[in-house]
Each structure stands twice: as C-alpha cells, then as structure tokens.
2 protein chains.
Amino acid sequence: MESNNDKPSTPTNAGSTGSPGTQAQAKGFQAVRKAHQSEIVEDYVELISDLIEQCGEARPVDIASHMGVTQPTVVKNLARLQRDGFITREKYRSIFLTKTGADLANICRHRHRIIVAFLLHLGLDAETAEHDAEGLEHHVSNKTLAAFEAALEK
Amino acid sequence: MESNNDKPSTPTNAGSTGSPGTQAQAKGFQAVRKAHQSEIVEDYVELISDLIEQCGEARPVDIASHMGVTQPTVVKNLARLQRDGFITREKYRSIFLTKTGADLANICRHRHRIIVAFLLHLGLDAETAEHDAEGLEHHVSNKTLAAFEAALEK
DNA sequence: TCCTAAAGTTAGCCATGGCTAATCTTCTAT
DNA sequence: ATAGAAGATTAGCCATGGCTAACTTTAGGA
C-alpha cells in the first residue's frame, strides 16, 4: 500500500468524441473527482488543528470519534497524511502538523467559516448550516467563495 | 465484485468517547461519506437522461466522453446501476432508465438547475456556476435548496 | 511495583472506481 | 457480402478508505 505510484492518469481518449461543451463537462467531473481526493486530507488537517488548539494534542482516538470512523481507519489515513507531508509523527507519539499542513488547515477553516456564515445569512438554522458546510466546503471555487463573502457584506 | 454484501456498517464505537458536539460532527462526516456513494449514481442517471433526450439514446462511448472517464469504467459503473435498479439493459444494447432512475434524474436535474440559477444570481459567470454546481449539488440539503430558491425570488 | 484498561497499531478483508490491454460485437461502407 | 473500424465488454491491475480481529504499547491506579 505504500508504493508511491502516482496514478491519476487522465484517460487518453477523454473528450475524443466530444462536442464543444462535452469537454468542459468532462473537465468538471474530473475536477470533482480530484476534489474528493483532497477532502480527507483537508478534513483531517482541519480537525487535527482544532484538536491541538482545544486539547493540546490530537489523539487518534479523538480524531476517530470526531470523524465517526474507527481507530484503524484513522491510523491508515494518518499514514497517508504523513507520507504526503502534512503531518509528522512517530509511533505511539503525538501528531504535529507540518507548515504545509498548518497552512492548509487555516485555509480550510477560513473557507468553512465563510460558508457557514453565508448559510446563516441565508436564514438557515445553525445545525443545517454546519452540516451543509461540511459537504460544500470542498467544492466551492475561490470565485464562488468571494461571491459568498461579498453577499455577507451587504 | 458482484457479491451483494451490503457493508456500510457504522463503527460500533463511533462517538463513544465523544463530547456532546462531537457526535453531531461525526454524523456530519458520515453523511458526507454517504453522499459520495450516491454521487456517481446521480451523475450517471442525470447524464443518461440528458443523452436520451438529446440523442435518442445513451451510448457508453458518449457517457464516457461526457464524464471524462474510459469506456470500461462506464461499463463497470453501468453494471452497478443495473444491479441497484436504476437502469435496465442487455449486452451491447441500449440503456433504459427504470422509473426509479428516471425519477432520480428529474430530482437531480431540478436541484442542479436551482443551484446554477442561484450562483448566477450571486453574480458568478456561467462557467463557474456550472462548474461549482457540479460539485455542490450532491451536498445541498433540502432546507438549503429551499433557501436558494427563496433567494432567487427576491 | 506491577497489572490492567485504554490507546495505538498491524494484518487482512471488502467495495468502489479509476486505469490499460485484449477481445468480442456491431455497423458501415465498399 | 464482407472487411475493417468503431463501439462494447472482459480481465486484471491499483489506490482509497471503510471495517473487524488480534496484538502491542502506554499509562494509571491499587
């Protein structure tokens, strides 16, 4: 599982039969798939950052209960985060965010807050706003995020 | 791959150590993971429905180019759609949506259009609106969708 | 101190959803 | 009518991200 194989590999024939709009649509779907790959990373670094602030450290058991997954799943994903340079750690020891990880966490937290504020601004209840923001935050482009911010100022 | 095993299986210990808010957060993440499972289904039935309307039929080669994936990937996913009751088909023959599939397609199309309209209403360009809607549409609750609609009427 | 419970880890399973290579069908144009 | 191209399928690979079961380490209390 640790073979660094790097295989996103856009299909060679993608868009070959495509009419003008088809390729744009294909790129859209590909972007969504790419977003999915970063979601776990973003969710983890954001949560780890929060836990370190609130509790002084981010224990796998707490990450697991916040994410609603089992500890082995957390361990596996932490290994990926470490492999990809977002955290550092040693067996049985604390988790630290790298600069990359901490920066990403801040960006995510910022985006998350804007989306929640925007949804509240639309009149939604706090619970729905939080819930939907969790799903939306990975799919909002910078342009749209800016539009959300602009709407808040009015 | 065709063993109907049904294994979503919420972790038995989920939220065990959790403080009050923790469980809500965990449920949120679980909901996002569940949404991911339906995404492909929704994207496919929506696209199939569009293709049937526009071209008279939905060929795997066209689905592939619209989705930006290879034909074998399409075939594999069509097998799942068939297994789960959204389409009917025979080898080398046309694809038909079941009632379930067609209904789902309509719901998705409706949601998609509202989101695009809402993003345009916010002042975004058509391309960004389309692009972001693709990612957002699977993560917008009915409440939020209603709020989007309400905002459009003003 | 030392024993036990909690936390962390490893191993191994499974479904999903990508891909390529190779094969098989269908269709079309000569 | 048939050959070759286009489309569809199969087989097989891989990474991801879930899970359980079993084991190891750590840490805390008697």
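We name chains A, B, ... by the order of the sequence lines, and we start the count at 1 in each one. Every heavy atom of this structure was used, including side-chain atoms; hydrogens, water molecules and symmetry mates were not.
Taking side-chain N and O atoms only, Thr73(B) has no distance below 4.0 Å to OP1 or OP2 of dG18(C). The phosphate of dA15(C) has neither OP1 nor OP2 within less than 4.0 Å of any side-chain N or O from Arg83(B).
Residue Gln37(B) contributes atom CD, which lies 18 Å from atom P of dC14(C) at whole-angstrom precision. Between Asn77(B) atom CG and dT10(D) atom C1' the separation is 15 Å, expressed in whole Å. Going from atom CZ of Phe29(B) over to atom P of dC19(D) covers 14 Å, rounded to whole Å. Note: CD1 (Ile63(B)) to P (dG18(C)) measures 13 Å, nearest angstrom. Between Leu81(B) atom CG and dA15(C) atom C1' there is a gap of 15 Å when expressed in whole angstrom units. In this entry the distance linking NE2 of His36(A) with C1' of dA15(C) reads 17 Å, nearest Å. The distance from atom CD of Glu57(B) to atom P of dG7(D) is 11 Å, rounded to the nearest whole Å. Rounded to an integer number of Å, the gap from NZ of Lys34(A) to C1' of dT16(D) is 17 Å.
Partners of Ser141(B) under the side chain to side chain donor-acceptor pair (under 3.5 Å) rule, at least two apart in sequence or in another chain, are Asp132(A), Thr144(B). By the side chain to side chain donor-acceptor pair (under 3.5 Å) test, Arg111(B) is found to be paired with no residue, residues two or more places apart in sequence or in another chain being considered. In this structure, Glu46(A) has no salt bridge (charged side-chain N to carboxylate O under 4.0 Å, His left out) partners at least two apart in sequence or on a different chain.
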Less than 3.5 Å apart, which donor and acceptor atoms pair up between the side chains of residues 87-97 of chain A and the rest of the protein, not counting sequence neighbours?
from, atom 1, to, atom 2, distance (Å)
Ser94(A), OG, Glu57(A), OE1, 3.3

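Pairs of residues two or more places apart, or lying in two chains, that qualify as ring pair (Phe, Tyr, Trp, His ring centres under 6.0 Å) and include a residue from residues 127-151 of chain B are His139(A)-His139(B), His36(B)-His139(B), Phe118(B)-Phe148(B).
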What does the list of N/O pairs under 3.5 Å between the protein and nucleotides 8-12 of chain C look like, with a distance for each?
from, atom 1, to, atom 2, distance (Å)
dG8(C), OP2, Val61(A), N, 2.7
dT9(C), OP1, Arg89(A), NH2, 3.2
dT9(C), OP1, Tyr92(A), N, 3.0
dT9(C), OP2, Arg89(A), NH1, 3.4
dT9(C), OP2, Arg89(A), NH2, 3.3
dT10(C), OP1, Lys91(A), NZ, 3.3

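Between the Gln30(B) side chain and the Gly68(A) main chain, a donor and an acceptor come within less than 3.5 Å of each other.
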